[in-house]
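Note that ligands are numbered from 1 as they come in the structure, with each ligand's atoms numbered from 1 the same way.
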Amino acid sequence: MSPAFVLEVQTNREEEELVESHEYHDGVKHLCERGLAKVPRKYILPPLERPFMSKKDGATNLKLPVIDLAKLQGPDRVHTLKSLSKACEEYGFFQLINHGIASESVLNMFQAARKFFELPFEERSKYMSKDQSVPVRYGTSFNQNKDSVFCWRDFLKLSCHPLSDVLPNWPSSPAELRQAVVNYSKETKSLYLMLVKAVLESLGLVETAENADENDSCDHLKEFEDGSQLIVANFYPSCPEPDLTLGMTPHSDYGFLTLLLPDEEVKGLQIQHEGRWVTVEPIPNSFVVNVGDHLEIFSNGRYSSVLHRVLVNPFKSRMSIASLHSLPFNSMIRPSPKLISDANPRRYMDTDFASFIGYMASHEHKNKNFLESRRLTQKRRCMSFFFLNK
Ligand code: OGA
Ligand code: NI
């Protein structure tokens, strides 16, 4: 083979890969719109990371613990708080029924997001950005700058706090999107605050409703009221070879709590429970709520931020809307001092949001790698004791 031929083949391949890699960055929907009979190499997971690898996985559908918000706000509060606590410890997930958010608001949010994904690519792509800190971002996979294998998912992420600052940056098309997100973000925020109050109570950090010291519980809640909120609309196109790839690879959510509206028609969310992957069976008109990394840290490990992933469907596309909530961006995330004792020593380092954002931007988003990086091992604990007492 002549050196010129080898060079030509090599150059062609490089060019092809360059074109291909650029295409992947335009998102899965764009790729599918031009017709795909097979999953491109960029999305094929190594054999051991593919879904359906183990016979046990996905064999059973899981009915998550159900928390009834109406009971939580009524005379059954104490009993319901116990169920909440058990769900956060054992599953890291629960389904919330009777949540009080009008179905119209949910429907409008879904519809506006769907219309956004249906816009021509040129319109959607205006919001693509490599910068993870912008208030609106359209993108694909998890961290498309770092992921070696891409996920079969496109997303629209909208920061919601403070609303007056971020709103002018949100897409102006489709016309109804801004209003739908404003309504939906306000309603999910107040729902989140009710849940946070219950979570603090369940951890013994504020008094139960009857003998609560108003000032004490207000102080605690003020920080949460000023907290960050990110609404993520996820779109998972149907996939010709769903056993080779995932809509989202195993991950934990970073924040305090995530309020997720799963697609009611198309299942796909799986959580890791008792060592295997189980599919969540959505209940109509309910939220799937999960504990995030920041709550695991705050509770000093009592509540678990559980790994979850998303399967894709061979026939149908799937959509979900996640609302991720945490403390304000300038807060320090740390185990609550009241939950640390000799018997239960501090398990995580203090983490500020900036180092968290830095970590996310520079690492492939995989498993619970962020949380693991904050965990205090016995050795690290001794070292921090040594330095603090020098
Ligand atoms: C997420 C997530 C699950 C889903 O957005 O972090 O896990 O069902 N979504 O789309
Ligand atoms: Ni998630």
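A side-chain donor-acceptor contact under 3.5 Å links D253 and H308. Side-chain atoms of E223 and S331 form a donor-acceptor pair, as typed in the model, at a separation below 3.5 Å. Judged by distance alone, the side chains of Q73 and R77 do bring a donor and an acceptor atom under 3.5 Å apart.
Remark: ligand 1 atoms within the under-4.0 Å shell around heavy atoms of Y236 are 4 (C), 9 (N), 10 (O). For ligand 1, the atoms sitting less than 4.0 Å from at least one non-hydrogen atom of L269 are 3 (C), 8 (O), numbered in the order shown with element in parentheses. The ligand atoms of ligand 1 that sit less than 4.0 angstrom from a heavy atom of N234 are 5 (O), 9 (N), 10 (O). Counting atoms of ligand 1 from 1 in the listed order, those under 4.0 Å from a heavy atom of D253 are 6 (O). Short contacts between ligand 1 and H308, defined as distances under 4.0 Å to a heavy atom of the residue, involve ligand atoms 7 (O).
Comment: R375 engages E372 in a salt bridge, judged by a side-chain N to carboxylate O separation of less than 4.0 angstrom. A salt bridge does not link R374 to E296: none of the charged nitrogens lies less than 4.0 Å from a carboxylate oxygen.
Distance from atom 3 (C) of ligand 1 to its nearest protein heavy atom, with residue and atom name: V310 CG2, 3.6 Å.
A112 and A180 make their closest contact through CB-CB, 3.9 Å (heavy atoms, listed as atom of the first residue, atom of the second, distance).
Within H308, the N, O or S atom lying nearest to the Ni ion (ligand 2) carries the name NE2. Shortest distance from the Ni ion (ligand 2) to D253 is reached at OD1 (N/O/S atoms only).
Using 4.0 Å as the threshold, V232 has no heavy atom nearer than that to any atom of ligand 1. Heavy-atom separations between H251 and ligand 1 include at least one value shorter than 4.0 Å.
Contacts between P262 and ligand 1 below 4.0 angstrom, taking non-hydrogen atoms only, are absent altogether. Contacts of L260 with ligand 1, taken as heavy-atom pairs under 4.0 Å, involve the side chain alone.
Which of S320, A233, S323, A322 comes nearest to atom 10 (O) of ligand 1 through a heavy atom is settled by distance: it is S320.
When each of R124, K126, K157 is tested with Y138 by the rule side-chain hydrogen bond (donor to acceptor under 3.5 Å, both in side chains), just one qualifies, namely R124.
Between H25 and F150, the ring planes are perpendicular. Angles over 60° get that label, and only those under 30° would be called parallel.
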